[in-house]
Amino acid sequence: MGRAFEFRKERKFKRWAKMAVQFTRIGKEIVMAVKDGGPSPDTNSRLRTAIQNAKAVNMPKDRVDAAIKRASNKDENGYEEFVYEGYAQHGVAILIETATDNTNRTVANVRSYFNKTGGTLGKTGSLDFIFSRKSVFRFLPGEKDLEELEFELIDAGLEELYLEADEEGNDIAVVQTAFEDFGKMQKALEDTGLEMKSAKLERISQSTTPITEEQAVDVFKLIDKLEEDDDVQAVYHNMAD
């Protein structure tokens with residue numbers, strides 16, 4: 001079945017092993033949220049979102065509580081957020097969001113990953129024409145009529161509403177809206193009582209780069225190195241499906 005098939009299988013096993021990495025990333029989200037708006041999710045929408053995302057990946061409550069307590073300590077250092085941009089092999093655009101307490105370490109690591117895999121790290125803002133920042137919400141649709149829900153969410157800035165399958169093949173409803181409408185849409189969805197799976201600001205590619213499966217193997221070597229780094233929060237690319 002070839003090298004590409006074996007590589008995809010290997011990546012699947014790696015995804016199953018990423019739970020600890022997810023916990024670390026959400027732990028950072030919680031710390032940044034508390035530093036930004038305080039330890040109460042009732043008055044801190046960013047923290048409320050981070051806790052919601054923690055539940056979606058089955059992060060234990062005691063770890064969530066510990067992260068909030070740690071961040072509430074004035075002596076606890078926060079994290080700075082930086083975005084890095086560049087190109088992998090075969091002209092695929094890569095955008096990386098990081099949260100770090102050591103910028104020198106982070107930029108050195110990111111640059112080394114690009115260099116070792118034949119990519120090129122670019123300047124901040126160089127991929128603004130490819131990626132746009134959007135508010136993306138995922139939830140279980142249940143028995144809700146999606147056409148009716150679409151009508152209800154128009155005033156909250158709805159741009160797209162569609163279904164996708166999760167890793168178990170279950171239907172997940174996805175709502176996409178403008179970056180600046182995150183809070184408004186979050187409240188509108190909370191008011192529906194639907195079970196939220198995640199609420200995030202994501203980078204959506206406006207154009208794609210078609211490549212072969214064999215070329216995708218080269219690109220995923222870079223993506224894997226980036227995703228394994230503790231300072232990296234998210235990695236986006238514009239490979240065509």
Dump the intermediate steps for side chain to side chain donor-acceptor pair (under 3.5 Å) on Thr208 and Asn238, then the final yes or no.
CA-CA 5 Å; Thr208 57; Asn238 75 330; over 6 Å; no
Note, [X] side chain near [Y] side chain (heavy atom, < 4.5 Å):
| X | Y | result |
| --- | --- | --- |
| Phe179 | Leu201 | yes |
| Ile94 | Val92 | yes |
| Met59 | Val64 | yes |
| Met239 | His90 | no |
| Val21 | Glu227 | no |
| Pro141 | Leu163 | yes |
| Arg46 | Met32 | yes |

On a heavy-atom basis, which atom in [X] and which in [Y] lie closest, and how many Å separate them?
| X | Y | answer |
| --- | --- | --- |
| Gly38 | Asn44 | O-ND2, 2.8 Å |
| Thr209 | Gly91 | OG1-O, 3.6 Å |
| Gln52 | Ala199 | OE1-CB, 3.5 Å |
| Arg70 | Val31 | NH2-CG2, 3.7 Å |
| Thr100 | Arg105 | OG1-NH2, 3.4 Å |

Can you tell me how far the [atom1] atom of [X] sits from the [atom2] atom of [Y], to the nearest 0.5 Å?
| X | Y | atom1 | atom2 | result |
| --- | --- | --- | --- | --- |
| Leu149 | Leu189 | CG | CG | 7.0 Å |
| Ile204 | Lys134 | CD1 | NZ | 8.5 Å |
| Asp181 | Asp155 | CG | CG | 11.0 Å |
| Glu228 | Ile223 | CD | CD1 | 12.0 Å |
| Gln233 | Leu226 | CD | CG | 13.0 Å |
| Arg63 | Ile68 | CZ | CD1 | 13.5 Å |

Contacts of Thr49 meeting side-chain hydrogen bond (donor to acceptor under 3.5 Å, both in side chains) (sequence neighbours excluded), chain-then-number -> Gln186
Going by side-chain contact (heavy atoms from CB on, under 4.5 Å), Phe82 matches just one of Thr103, Val110, Val107. Which one?
Thr103
Heavy-atom neighbours of [X] [atom1] exceed 12 at 6.0 Å:
| X | atom1 | result |
| --- | --- | --- |
| Glu147 | CD | no |
| Tyr162 | OH | yes |
| Lys144 | NZ | yes |

Might you work through the salt bridge (Lys or Arg N to Asp or Glu O under 4.0 Å) test for Asp191 and Lys187, ending with a clear yes or no?
CA-CA 6 Å; Asp191 289 345; Lys187 184 179 185 308; 3.1 Å; yes
List for me each residue that meets ring-ring contact (aromatic ring centres under 6.0 Å, His included) alongside Tyr79, sequence neighbours excluded, and say none if there are none.
none
Decide yes or no on salt bridge (Lys or Arg N to Asp or Glu O under 4.0 Å) for Arg48 and Glu190, but give the supporting numbers first.
CA-CA 11 Å; Arg48 191 162 65 248; Glu190 286 175 352; 3.1 Å; yes
Donor-acceptor pairs are to be reported for all side-chain atoms of residues 120-132 against protein atoms at under 3.5 Å, with residues two or more places apart or in another chain.
| unit_1 | atom_1 | unit_2 | atom_2 | d |
| --- | --- | --- | --- | --- |
| Ser126 | OG | Lys123 | O | 2.7 |
| Ser132 | OG | Gln206 | NE2 | 2.6 |

Between Arg138 and Glu164, does at least one N-O distance fall below 4.0 Å, as a salt bridge requires?
yes
Answer yes or no: is there an ion pair linking Lys69 with Asp65, defined by an N-O contact shorter than 4.0 Å?
no
Criterion side chain to side chain donor-acceptor pair (under 3.5 Å) on Asp231 and Thr106, from CA distance to verdict:
CA-CA 7 Å; Asp231 292 338; Thr106 305; 2.8 Å; yes
Is it true that Phe114 and Tyr84 have ring centroids separated by less than 6.0 Å?
no
